[in-house]
Amino acid sequence: MKTSARFHGRWMPLALGLPQLVLIAWFFYWPSWKGLWWSLHLECPFGHCTRFVGLDNYRRELGDASLYASLLSTAVFSLCGVALSVAAALALAWMVEFHRRSGKLFRYLLIWPYAVAGSVLGVILRAAASPGIGPMAYLNRLWPHVWQPHLDGAQAMALVVAAFAWTQIPFDFIVLVAALRSIPADYLAAAAIDGAGPLRRLLDIQIPMIRPQLFFVATMNLVDSITNSFAIVDTMTQGGPGGATGILAYRAYRDGFVGLDLSGSSALSMLLMLLLLAAIAAQFAAMERRARQEGFR
């Protein structure tokens with residue numbers, strides 16, 4: 001009995017994979033190459049002229065003090081957003097797994113928000129968090145001027161972090177529910193016989209056994225926080241107030257499409273890509289070191 005499929009002919013596998021390869025090349029490799037080309041040249045805002053300047057665009061971006069403010073905003077946004085989304089998804093997955101009988105309905109309800117686009121969610125939450133007309137306006141009636149995200153940078157950052165976490169929770173929830181269900185029931189039953197409560201079983205058995213899945217969702221959330229968070233920031237705060245939520249992805253858009261600085265925006269995009277690769281590499285290095293240490297025990 002054959003256990004693997006074989007394609008007859010040399011060109012059949014290529015023909016089946018060609019549409020996907022074309023899409024990847026057209027929408028990823030070509031824009032990446034074009035961004036690298038622009039980052040090494042001085043481009044006119046409306047095209048028709050270009051001049052090679054080498055690394056001058058990178059030096060100009062790295063010499064701008066506002067870049068480091070955007071870098072700090074990006075770090076705060078990414079770390080807080082990833083921590084909040086993973087923690088909330090883990091708590092929800094644990095509660096659904098703990099109450100399996102009533103968990104089916106909540107599983108479907110928690111998956112549905114994943115279909116909401118970030119821009120749509122940003123518009124909805126911007127209206128909901130309005131200090132004058134939204135539900136949060138009730139706080140200002142109790143304590144005047146306590147909720148002002150359009151003036152307070154910390155409140156604005158908290159708002160976009162919560163919005164980002166909301167977009168990531170459904171995906172994380174799906175992965176973590178599947179991870180929790182893969183744990184043998186005998187382990188949990190033995191711990192329960194020994195007197196361990198639900199929380200102790202979660203901390204001592206379930207979380208250590210789903211550590212690879214936690215690492216996976218944290219990595220995916222980190223990538224999304226750096227690359228796909230533009231829509232939320234643009235619809236909710238436009239990088240304000242005072243640049244408090246001006247993350248690097250939004251700064252690259254603002255410099256390129258508003259300021260018409262195609263060269264500087266492309267250089268910033270390349271720096272953003274290097275930052276993303278460095279963050280992922282650091283995560284994998286930490287995970288491998290932890291696995292190696294556990295292997296020696």
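All figures in this text were calculated on a predicted structure; none of them were measured in a lab.
Under the 4.5 Å side-chain criterion, counting only non-hydrogen atoms from C-beta, Tyr29 is not in contact with Trp33. Side-chain contact between Thr227 and Leu272: absent, with no pair of heavy atoms (C-beta onward) separated by less than 4.5 Å. Residues Thr167 and Ile232 are in side-chain contact: their nearest non-hydrogen atoms beyond the backbone lie under 4.5 Å apart. The closest side-chain heavy-atom distance from Phe173 to Val96 is below 4.5 Å. Using a 4.5 Å heavy-atom threshold, the side chains of Leu90 and Ile210 count as touching. Looking at Gln148 and His150, their side chains come closer than 4.5 Å, going by heavy atoms from C-beta outward. Annotation: side chain of Phe164 is in contact with side chain of Asp224 (closest heavy-atom distance under 4.5 Å).
Other residues, nucleotides and ligands place more than 12 heavy atoms under 6.0 Å from the OH atom of Tyr68. By the 6.0 Å contact criterion, CH2 on Trp166 is open, its count of non-hydrogen atoms from other residues, nucleotides or ligands being 12 or less.
Atoms CD and CD1, from Gln213 and Ile207 in turn, are 12.5 Å apart once rounded to the nearest 0.5 Å. The CE atom of Met220 lies 11.5 Å from the OG atom of Ser225; values are rounded to the nearest 0.5 Å. The distance from the CG atom of Leu199 to the CG atom of Leu203 is 4.5 Å, given to the nearest 0.5 Å. Atom NZ of Lys34 is separated from atom CH2 of Trp37 by 7.5 Å, given to the nearest 0.5 angstrom. How far CG of Leu262 is from OG of Ser269: 10.5 Å, rounded to the nearest 0.5 Å. A distance of 12.5 Å separates CG in Leu271 from CG in Leu276, rounded to the nearest 0.5 Å.
The hydrophobic cluster containing Leu268 also contains Leu55, counting ILVMFWY residues as joined when their side-chain heavy atoms lie under 4.5 angstrom apart, directly or transitively. Hydrophobic clustering (ILVMFWY, side-chain heavy atoms < 4.5 Å, transitive): Phe257 and Phe230 are in one cluster. Leu72 is connected to Leu159 through a chain of hydrophobic side-chain contacts under 4.5 Å among Ile, Leu, Val, Met, Phe, Trp and Tyr, so both are in one cluster. Note on Leu62 and Leu40: same hydrophobic cluster, where clusters join Ile, Leu, Val, Met, Phe, Trp and Tyr whose side-chain heavy atoms are under 4.5 Å apart, directly or indirectly. Clustering ILVMFWY residues whenever any of their side-chain heavy atoms sit less than 4.5 angstrom apart, transitively, puts Leu79 in a cluster other than the one holding Phe216.
Minimum heavy-atom separation, Asp152 to Ala154: OD1-N, 2.9 Å. Between Arg201 and Ala192, the shortest heavy-atom distance links the atoms NH1-CB, 3.6 Å. Here the closest non-hydrogen pair linking Ala156 and Pro241 is CB-CD, 3.4 Å. Annotation for Ile247 and Phe77: closest pair CG2-CB, 4.1 Å, computed over non-hydrogen atoms. Contact between Met270 and Ser32 at its shortest, heavy atoms only, is CE-O, 4.0 Å. Contact between Pro212 and Met209 at its shortest, heavy atoms only, is CD-O, 4.1 Å.
When each of Thr235, Val233, Asp234 is paired with Thr237, the side-chain contact (heavy atoms from CB on, under 4.5 Å) condition holds for Val233 and for no other. Ile280 pairs in a side-chain contact (heavy atoms from CB on, under 4.5 Å) with only one of the listed residues (Ile226, Leu275, Val223), which is Val223.
Between the side chain of Ser182 and the main chain of Ala179, a donor-acceptor pair closer than 3.5 Å is present. In this structure a side-chain-to-backbone donor-acceptor pair under 3.5 Å is missing from Gln168 to Asn221. The main-chain N or O of Gly240 is found under 3.5 Å from a side-chain atom of Thr245 such that the two form a donor-acceptor pair. Between the Ser85 side chain and the Val82 main chain, a donor and an acceptor come within less than 3.5 Å of each other. Checking side-chain atoms of Ser78 against main-chain N and O of Ala75 turns up no donor-acceptor pair under 3.5 Å. Formation of a donor-acceptor pair under 3.5 Å by the Asp194 side chain with backbone atoms of Ala196 is not found in this model. Within the 3.5 Å criterion, the main-chain N or O of Val146 finds a donor-acceptor partner in the side chain of Asn140.
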Under the criterion side-chain contact (heavy atoms from CB on, under 4.5 Å), I'd like the reasoning laid out for Leu188 against Gln206: C-alpha separation, chi angles, the key distance, then a yes or no.
CA-CA 8 Å; Leu188 302 178; Gln206 292 174 298; 3.8 Å; yes
List the steps, then state whether salt bridge (charged side-chain N to carboxylate O under 4.0 Å, His left out) holds for Arg60 with Asp261.
CA-CA 12 Å; Arg60 176 162 56 90; Asp261 183 9; 2.9 Å; yes
Check step by step if side-chain contact (heavy atoms from CB on, under 4.5 Å) holds for Leu248 and Leu67.
CA-CA 8 Å; Leu248 290 176; Leu67 171 67; 3.7 Å; yes
Kindly indicate, with the supporting measurements, whether the criterion side chain to side chain donor-acceptor pair (under 3.5 Å) is fulfilled by Ser39 and Ser266.
CA-CA 5 Å; Ser39 69; Ser266 299; over 6 Å; no
Decide side-chain contact (heavy atoms from CB on, under 4.5 Å) for Trp147 and Tyr138; before the verdict, give the C-alpha distance in whole Å, the side-chain angles of both, and the deciding distance to 0.1 Å.
CA-CA 9 Å; Trp147 175 249; Tyr138 181 72; over 6 Å; no
Please step through side-chain contact (heavy atoms from CB on, under 4.5 Å) for the pair Met157 and Ser73, ending with a clear verdict.
CA-CA 8 Å; Met157 178 60 74; Ser73 299; 4.1 Å; yes
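In this structure, Phe284 and Phe215 have perpendicular ring planes: the angle between them is above 60°, well past the 30° mark.
Of the charged side-chain nitrogens involved, at least one lies within less than 4.0 Å of a carboxylate oxygen, so that Asp255 and Arg251 count as a salt-bridged pair.
Counted by atom type alone, Ser263 and Glu43 present zero donor-acceptor pairs between their side chains at under 3.5 Å.
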